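Count residues from 1 along the sequence. The structure presented is a predicted model; accordingly, all values stated were derived computationally and were not measured.
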Amino acid sequence: QVQLVESGGGLVQAGGSLRVSCAASTRTFSTPTMGWFRQAPGKEREFVAAITWSVGNTAYADSVKGRFSISRDNAKNTVYLQMNGLKPEDTAVYYCAARINTAILRSMHSYDYWGQGTQVTVSS
């Protein structure tokens with residue numbers, strides 16, 4: 001069983017930055033693809049970004065491209081999401097997710113394990 005633990009959420013003003021982290025309990029080969037999703041109140045959970053442990057291939061949602069950056073530290077089994085230029089519409093619970101396959105997919109149904117989520121609130 002893979003456990004994912006997010007941290008680093010909080011309250012920030014519009015235009016500010018935050019970094020959220022996701023620590024995985026297993027080695028990277030068990031879950032070769034990691035993703036970040038978010039869910040705002042009353043909305044469906046949506047894809048934000050994803051990365052592969054081995055090569056570091058990445059993908060982003062259009063809404064965050066150029067503002068957010070996903071990275072990984074294989075030695076620490078940790079994935080990061082650096083969020084810059086935050087907007088009030090970025091307010092959501094951010095979830096870390098892991099896939100047991102290598103392809104980067106954007107559907108939440110393609111991910112096998114989930115963290116508990118961390119709240120990110122951007123004030124205007």
Side-chain angles (χ1 to χ4, degrees):
Q1 186 72 13
V2 176
Q3 292 184 330
L4 305 173
V5 179
E6 301 100 333
S7 61
L11 173 64
V12 65
Q13 289 188 333
S17 298
L18 274 178
R19 188 179 78 163
V20 291
S21 303
C22 172
S25 63
T26 62
R27 304 189 107 184
T28 59
F29 60 77
S30 300
T31 53
T33 304
M34 301 291 292
W36 284 99
F37 289 75
R38 67 186 182 186
Q39 187 166 19
K43 295 189 176 181
E44 293 187 352
R45 193 169 298 188
E46 64 174 1
F47 173 79
V48 175
I51 190 167
T52 58
W53 286 112
S54 57
V55 180
N57 291 330
T58 60
Y60 297 93
D62 289 343
S63 59
V64 305
K65 202 172 293 183
R67 299 188 298 123
F68 290 12
S69 177
I70 189 170
S71 61
R72 88 281 193 218
D73 184 331
N74 293 50
K76 296 182 179 179
N77 290 353
T78 299
V79 174
Y80 305 97
L81 184 68
Q82 177 67 43
M83 302 180 287
N84 300 326
L86 282 161
K87 305 174 181 180
E89 51 264 44
D90 294 318
T91 295
V93 177
Y94 282 71
Y95 295 92
C96 177
R99 290 194 75 230
I100 59 175
N101 295 302
T102 55
I104 290 181
L105 297 180
R106 297 169 183 252
S107 169
M108 61 174 289
H109 303 292
S110 299
Y111 288 76
D112 304 283
Y113 302 99
W114 291 86
Q116 81 288 352
T118 185
Q119 177 70 47
V120 172
T121 303
V122 184
S123 64
S124 57

Gln3 CD: over 12 foreign heavy atoms closer than 6.0 Å: no
Side-chain donor/acceptor of Asn77 to backbone N/O of Thr26, under 3.5 Å: yes
Could you list the donor-acceptor pairs under 3.5 angstrom formed by side chains in residues 96-103, with sequence neighbours left out?
from  : atom 1 : to     : atom 2 : distance (Å)
Arg99 : NE     : Ser110 : O      : 2.8
Arg99 : NH1    : Ala103 : O      : 2.4

Considering all heavy atoms, the nearest Ala40-Ala92 contact: N-CB, 3.8 Å
Side chain Arg106, main chain Phe47, donor-acceptor under 3.5 Å: no
Within one Ile-Leu-Val-Met-Phe-Trp-Tyr cluster: Tyr111 and Met108, side-chain cutoff 4.5 Å: yes
Listed once per pair and sorted, the ring-ring contact (aromatic ring centres under 6.0 Å, His included) pairs that draw on residues 51-102, sequence neighbours left out: none
Residue pair Trp114 / Arg45, side-chain heavy-atom distance below 4.5 Å: yes
Step-by-step salt bridge (charged side-chain N to carboxylate O under 4.0 Å, His left out) determination, Lys87 to Asp90: CA-CA 5 Å; Lys87 305 174 181 180; Asp90 294 318; over 6 Å; no
Nearest-0.5 Å distance that lies between atom CG in Leu11 and atom CD in Gln119: 9.5 Å
Atom pair CG/CD of Asp112 and Gln1 - distance to nearest 0.5 Å: 10.0 Å
Interatomic distance, Leu86 atom CG to Arg67 atom CZ [nearest 0.5 angstrom]: 6.5 Å
Which atom of Gln39 lies closest to which atom of Lys43, heavy atoms considered: NE2-O, 3.1 Å
Separation of Ile70 CD1 from Cys22 SG (nearest 0.5 Å): 9.0 Å
Backbone N/O of Val2 and side chain of Ser25: donor-acceptor pair under 3.5 Å: no
Backbone of Gln116 reached by a side-chain donor or acceptor of Glu6 within 3.5 Å: yes
Ser63 side chain near Arg38 side chain, heavy-atom distance below 4.5 Å: yes
same_hphob_cluster(Trp36, Met83) at 4.5 Å side-chain heavy-atom cutoff: yes
pair Ser17-Asn84: side-chain heavy atoms closer than 4.5 Å: yes
Shortest non-hydrogen contact between Thr118 and Val20, atoms and distance: CG2-CG1, 3.9 Å
Residue that, paired with Met34, satisfies side-chain contact (heavy atoms from CB on, under 4.5 Å) out of Leu4, Leu81, Thr78, Ile104: Leu4
